[in-house]
Structures are given as C-alpha cells and as structure tokens.
Protein chains: 2
Amino acid sequence: MIIEIDFNSSEALYIQLRNQIILGIANSKLSEGESLPSVRDLADNIGINMHTVNKAYALLKQEGYLKLDRRNGAVICIDIDKYKAYKELMEQMTVTLAKGACKGITRQEAHKVLDEIYDSFQL
Amino acid sequence: MIIEIDFNSSEALYIQLRNQIILGIANSKLSEGESLPSVRDLADNIGINMHTVNKAYALLKQEGYLKLDRRNGAVICIDIDKYKAYKELMEQMTVTLAKGACKGITRQEAHKVLDEIYDSFQL
DNA sequence: TATGTGTTATATCATTAGTATAACACATAA
DNA sequence: TTATGTGTTATACTAATGATATAACACATA
C-alpha cells in the first residue's frame, strides 16, 4: 500500500499516517491479519523519523485498529466496539455537519455526500 | 447564548470556542446580523485571555462566519461558497466515515446518524 | 549468536497555544 | 474636544506538542 504524506500540511505527520492507514483498511488495501512494515522500514520509506511512525502505530493500537507484538510486528486487528464507534461518529459528524448546514448544505445534499464516500470505499 | 469550554479537553480553547459558535449558528441561537460579545467581554465571561477569543473570531472571519468592524464588533455574517463547503464536507467526512466503516458502521447506520444530527439542528 | 521486532529513555529544536501588558486606528457618545 | 469601546497589532514569556536523533532494552526467531 502506498502512503502519501504532505509535508506542507498543517496536520501532524503521525495523524496523516494514522488516517492513511485507516483509509487503507476502509478500502481493503489492508486486511485483517495483514502485517504493516516495521517502524524503521516505514520511516525510511517515507523519509520521516522512526518515532513518528511508532507514534502513529501506538495511536492505531490504542484506537483498536492494530495489534503489536515482537514476532510479527504491527498486524491489522480491528477491535469492534460499536457503541463507542457510534458515539464517536456522532460527535465528529456534529461539528462537520453544522459547518455545512451554516453554508447552506441541505440534509439531502449531505446524504448524497455520504453515499458518494461509501461508494468510494471498497468494502 | 451559553458558551461551554472544557479546560480538560485536548482540543485548543480557540477551536472549542469556534466550534461552539458554529453550532450556535446551526441551532439558530445565533442569527445573521447578530452581534457577538466583544473579545474582552467574552474573555472575561469565560475566564480566558482576550487574545484567545480574538484568535477564534479571526478564524471565524477567515472561514466566512463573521464580519468584524470597529462600530459593531463581531457580527454573524455567513459567506456562502457552496463549492468550497461541499469540498470541505467531503474531505472531513471521508476520514470520519472510514473510521466508522472499519468499526462496522453500515451505510444505513451512517445515514441514520446524519438524520439524527440534522434533526437536532433548529434550522 | 546475531538479527529484527516494538518499546523506552534522554535530549534537542521548532512550532503552537495561551497568557500578559501595552499600544494603535477608528467609530461613537458625552 | 474628550472619553470610551471596538478590533488589531506588537512584544514577551511559559508550557505543551511535534519531530528528530542516538541509544539501549526485552523478546522472538533464524
């Protein structure tokens, strides 16, 4: 899987990396049980520091997307807590949709955007 | 309108403040043409620094929610750029929905969440 | 024994968030 | 005119965060 990092973005590198991996899972470019590159390899590959990759991996582990061990490195392993996921989705979408609503995005248009995004996922 | 700030949140104070004001607009607690408190008053009221409020106001201005002048202070004034709003909505929802999709949130469930949020807005 | 995992510990530097004090330009009311 | 209230800018300081760098550790495996 190709990881694209924007060094000019105001978003932290480890957050960009974490988001890319989550998008990779949603697009089935990364599957349950699959191993990610080691923190050192990926860091070399992207051209960033090992600790930045480690920070992204640790965050993904804490958020329930990865398991880490010393045999196989970082392995995709989704920990599903649907109540938690629902709650987080609600919180994150509230501000996002409020912004849109202020700018005249209708409910129907928002539904359309949601469908387009889900269509783009290769589930 | 009541502004609630969580000093224990990891989210920056001026971002929380900006989000609260956007939510206020989406809930019609703040209307087009209405004046916000002066940066000094609001800062005193919340218990934060004047510059933090000013930072939130400047951001809201830059994002097209406010106009600022020396006569009336900060006045709600929505600058609608629908293309831009659409694009931003798409970008912000993509990662959010990817997270949900990884955690087993179905398209139908996401639509339901969206409806609940739009229902909560007093447009 | 050597190598490759994640992990932890320090240290350093740059940037950002928040506070503090002060002053400025401008509009308005007394 | 004078005083007051807007946003705005400038400067300085502290604390926290992001990113890098070097090094070492515990553990699994070839």
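In this text the structure is predicted, and so the values were computed from the model without any measurement. Every chain is numbered from 1 and lettered A, B, ... according to where its sequence line falls, protein lines coming before strand lines. Computation of the quantities below employed the complete heavy-atom set of this structure, encompassing side-chain atoms and omitting hydrogens, waters and symmetry-equivalent molecules.
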Does a side-chain heavy-atom distance below 4.5 Å link B:I21 with B:I3?
yes
Could you tell me if the side chain of A:M90 sits less than 4.5 Å from the side chain of B:I117, heavy atoms only?
yes
Atom pair distance, as rounded to whole Å: CD in B:Q62 and P in D:dT8
13 Å
So SG of B:C102 and CG of A:D79: to nearest 0.5 Å the spacing works out to 12.5 Å
Between A:Y14 (OH) and C:dG6 (P), how many Å, whole number?
19 Å
Without decimals, in angstroms, what is the distance between A:L13 CG and C:dT16 P?
13 Å
Under 4.0 Å: is that the gap between some side-chain N or O of B:K61 and OP1 or OP2 of D:dT8?
yes
Are the side chains of B:D115 and B:K112 in touch, meaning some heavy atoms are under 4.5 Å apart?
no
Distance col, row B:N54:CG vs B:H51:NE2, nearest 0.5 angstrom, shows 7.0 Å
Winner on side-chain proximity to B:V39, out of D:dT8, C:dT7, C:dA27, is D:dT8
Mind checking if A:N54 touches a base, just sugar-phosphate, or nothing, with heavy atoms under 4.0 Å?
base
Quick one: is C:dG18 close enough that its OP1 or OP2 comes under 4.0 Å of any side-chain N or O from B:K55?
no
Check for me whether the distance between the ring centres of A:F121 and A:Y118 falls short of 6.0 Å.
yes
Within the structure, does a side-chain N or O atom of B:T52 lie under 4.0 Å from either OP1 or OP2 of C:dA17?
no
Whole angstroms only, please: what is the CG-P distance between B:L66 and D:dG7?
10 Å
Integer-rounded Å distance: C:dT16 P and A:E11 CD:
14 Å
Donor-acceptor pair (no angle test) under 3.5 Å: B:R40 side chain, D:dT8 base
yes
Need one value for B:A58: base, sugar-phosphate or nothing, where a base atom within 4.0 Å counts as base even if backbone is also close, heavy atoms only.
nothing
Does B:Y57 have a side-chain nitrogen or oxygen under 4.0 Å from the phosphate oxygens OP1 or OP2 of D:dG7?
no
N/O donor-acceptor pair, side chain B:H51 with base C:dT21, under 3.5 angstrom
yes
To the nearest angstrom, the CG-P distance between B:N49 and C:dT16 comes to 19 Å
Atom pair CE (B:M1) and CG (B:N27), whose distance is rounded to the nearest 0.5 Å
8.5 Å
Interatomic distance where CD1 belongs to B:I5 and C1' belongs to C:dG18 [whole Å]
13 Å
Secondary-structure notation, DNA chain D, from Watson-Crick and G-U pairs under 3.5 angstrom (| other strand)
||||||||||||||||||||||||||||||
Check against salt bridge (Lys or Arg N to Asp or Glu O under 4.0 Å), A:R107 and B:D119
CA-CA 9 Å; A:R107 181 190 298 243; B:D119 284 342; 2.7 Å; yes
Rounded to whole Å, the CE-P distance (A:M50 to D:dA24) equals 13 Å
For C:dT5, does either OP1 or OP2 sit under 4.0 Å from a side-chain N or O belonging to A:S38?
yes
